[in-house]
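Encoded as structure tokens, the structure appears first; notes follow it.
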Amino acid sequence: MLLGLSLLAAVLSIVDGLTTDGRPHANFMRKPTIPIVPIDHGQPVTSRNGTILPPYNTTYTFQQLIDHNNPSLGTFTQRFWHTYEFYEEGGPIVLFTPGEANASPYSGYLTNSTINGQIAQQESGAAVVLEHRFYGLSNPRPDLSVESLKLHTLQQAIDDLEYFTKNVVLPMPNGAKLTPATTPWILVGGSYSGALTSYTMVNKPGLFAAGYASSAVVEAILDFWQYFEPERLFMPANCSADVERVISHIDQVFEGNDQHAIQAIKNSFGMGDVTHLDDVAGSLRNNLWDWQGLSLTVGPGAQFFNFCDALEVKNGVSAPAAGWGLDHALGAWSSYWTSTYLTLICGKDDAEDCLGSYNTSQAFWTDTSIDNAGRSWMWIVCNEVGFLQESAPPGVPSLVSRLIQPSYDLRQCQQMFPGAFARTVNVQTARTNRLYDGWNVSISNIFFANGQRDPWRYATVSAPGVVLKSTPSHPIAVGEGYHCADLLTREGLANPTVLAVQNHGLASIKTWIAAWKPAKAPHAARQLENREPRVNKPLQGWFRMPVF
């Protein structure tokens, strides 16, 4: 059924969180989100046979089980978007979820501006975008309280995908009969939903004929300091050198007893009233997090490069590879932060309200209203995946203050969900990796696409030190792109290595779909709790051990 236009308009007017980039708080970590592809919804959509189809942004709903472990609880309304623009009889269904976000801006993933649409076009298939439970308006419960979020798990999300494929009536000819038993389904995802693609194919063998996982963060890692490593290695060398110098200097001052020097640094960054030093130091991660928003089609003028230019361009001259040094970089960074960046991330809020993370009376800690992606994602972070973006271990160069340790972000789990973490937070990363194989994934018919510059690369199967061979049934391809670059057609047009990744993926899926045959019997879900012990892959020695 169609969602009422007035409700959809209300959704689009919602401001998700307090910061201008959608996070509940400016010292919260950035989510591993998928880039949005803008499209013109004013143009008609025409199928291959000339039929005029509904616009890409037409919203449909599906009755999904509230709890797959207790179907008697009934169903909730889950939103999806769909087109059969390229479909011909016998073609596959290409299913995609953007994961941890309101899915309404992602209808562009129905088109051939993305790898999803390219797959549908190549294979004469139909495309679907499905909203993930507990994001946007697809909520099993009317709020995001701890009691409600108990139904927000990786396994429930995996089970959602299975139930949808087997029960949805797609708004297209013969749409009630296109189940995985009669039609090949292809699961596509990026970032967290890329991991969900791998997890689902591990957990539900045979359900999907093929999978395409872009920048898939398959290995749950608690202390994910490696998030900043691709950035450190690929950002301009002068900028990296000076950022390291400034952070090292701030750490030295903050760990000392000179209160005048401490206050001087706080004041210079416009954070004189921010009470806790780890909040001050942690705030500077924001400039580094902007790396995640880069793409090969956006160069000078991107927010991250504006930051580096502020540090490294002096009187029209760029610094040498070694940088300008501490004195210039400290002043340039603090000037850029106070004159430009603080307003960008905090709006009109004062620094303590925007960046301080200890005041539990602030509304975002207890805001349980729906369509709050930051809270929903934080629940998964605190319970199942971790990905805490902290400083590097001792002896490893760090772009992030050494004051930022796992305890800093785990405390925020307790403050947001006191009913779940009254005493300690024990993120079940080992369990997640055991159940869904993480770096040990060895299933067939899944294509892994990764980018060298992706900040999430060290949680993918292309992480340095991970020994996982690329094979025809299990290909792994790496290009020069940033996060989820290969999902976007324009990124392949801009860079031959990304285009090669996309072509490799398309060729693999073509082979797998050509060989697909209807299942003779229903697949069996993988038994979760009686698994063999997980075999750890050899990793580089500087991977820090989990902290509990």
Distance-only side-chain donor-acceptor flag, Tyr199 / Gln155, under 3.5 Å: no
Residue pair Ser191 / Cys484: nearest heavy atoms and the distance that separates them: N-SG, 3.6 Å
Would you say Thr182's side chain and Lys177's backbone share a donor-acceptor pair under 3.5 angstrom? yes
Test of ring centre spacing under 6.0 Å for Tyr227 and Tyr458: no
Does Arg285 come within less than 4.0 Å of Asp409, counting only side-chain N to carboxylate O? yes
Counting distance only, does the side-chain N/O of Thr489 pair as donor-acceptor with the main-chain N or O of Ser113 below 3.5 Å? yes
Ignoring hydrogens and geometry, is there a side-chain-to-backbone donor-acceptor pair from Gln303 to Leu294 under 3.5 Å? no
Can the ring centroids of Trp379 and Phe417 be said to lie less than 6.0 angstrom from one another? yes
Tyr212 and Asn116 side chains, donor-acceptor separation under 3.5 Å: no
So, Tyr482 versus Glu231: side-chain donor-acceptor pair below 3.5 Å or not? no
Taking Ser193 for the side chain and Leu196 for the main chain, is one N or O donor matched with an acceptor at less than 3.5 Å? no
For a quick check under 3.5 Å, do Arg48 and Ser124 share a side-chain donor-acceptor pair by atom type? yes
So, the side chain of Ser47 versus the backbone of Thr51: is there a donor-acceptor pair under 3.5 Å, distance only? yes
Side chains of Ser148 and Asp143 only: does a donor on one sit below 3.5 Å from an acceptor on the other? yes
Look at the rings of Tyr106 and Tyr109 and say which category their plane angle falls in: under 30° parallel, 30 to 60° tilted, over 60° perpendicular. tilted
Any side-chain donor-acceptor pair under 3.5 Å between Gln121 and Asn112? yes
Here's a test for you: under ring-ring contact (aromatic ring centres under 6.0 Å, His included), which of Trp456, Trp377, Tyr192 qualifies with Phe387? Trp456
For Arg490, all residues meeting salt bridge (Lys or Arg N to Asp or Glu O under 4.0 Å), sequence neighbours excluded: none
Could you tell me whether the side chains of Glu480 and Asn495 share a donor-acceptor contact shorter than 3.5 Å? yes
Assess, by modelled atom type and distance only, whether the side chains of Thr297 and Glu491 contain a donor and an acceptor separated by less than 3.5 Å. yes
For the residue pair Ser215 and Asp454, confirm or rule out a side-chain donor-acceptor distance under 3.5 Å. yes
Sub-3.5 Å donor-acceptor pair from the side chain of Glu131 to the main-chain atoms of Ser138, do we have one? yes
What I want to check is whether the side chains of Asn383 and Gln428 have a donor and an acceptor closer together than 3.5 Å. no
Decide yes or no on side-chain hydrogen bond (donor to acceptor under 3.5 Å, both in side chains) for Glu100 and Ser376, but give the supporting numbers first. CA-CA 8 Å; Glu100 67 284 30; Ser376 294; over 6 Å; no
Could you walk me through whether Asn27 and Ser357 pass the side-chain hydrogen bond (donor to acceptor under 3.5 Å, both in side chains) check? CA-CA 7 Å; Asn27 250 327; Ser357 67; 5.3 Å; no
Can you see whether Thr429 engages Thr432 through a side-chain donor-acceptor pair at a distance of less than 3.5 angstrom? no
Does a donor on one side chain and an acceptor on the other come within less than 3.5 Å for Gln63 and Thr77? yes
Donor-acceptor side-chain pairing of Asn450 and Ser462 below 3.5 angstrom: yes
In terms of heavy-atom contacts, Val188 and Thr197 come closest through C-OG1, 3.6 Å
Examine the side chains of Trp81 and Thr59 and answer whether a donor and an acceptor come within less than 3.5 Å of each other. yes
Whether Phe28 and Trp365 hold their rings parallel, tilted or perpendicular, with breakpoints at 30° and 60°: tilted
Quick one: do the Asn102 and Arg79 side chains pair a donor with an acceptor below 3.5 Å? yes
Assign the ring pair Tyr60 / His82 to parallel, tilted or perpendicular, where the plane angle (0 to 90°) is split at 30° and 60°. perpendicular
Donor + acceptor pair across side chains of Asp160, His68 (<3.5 Å): yes
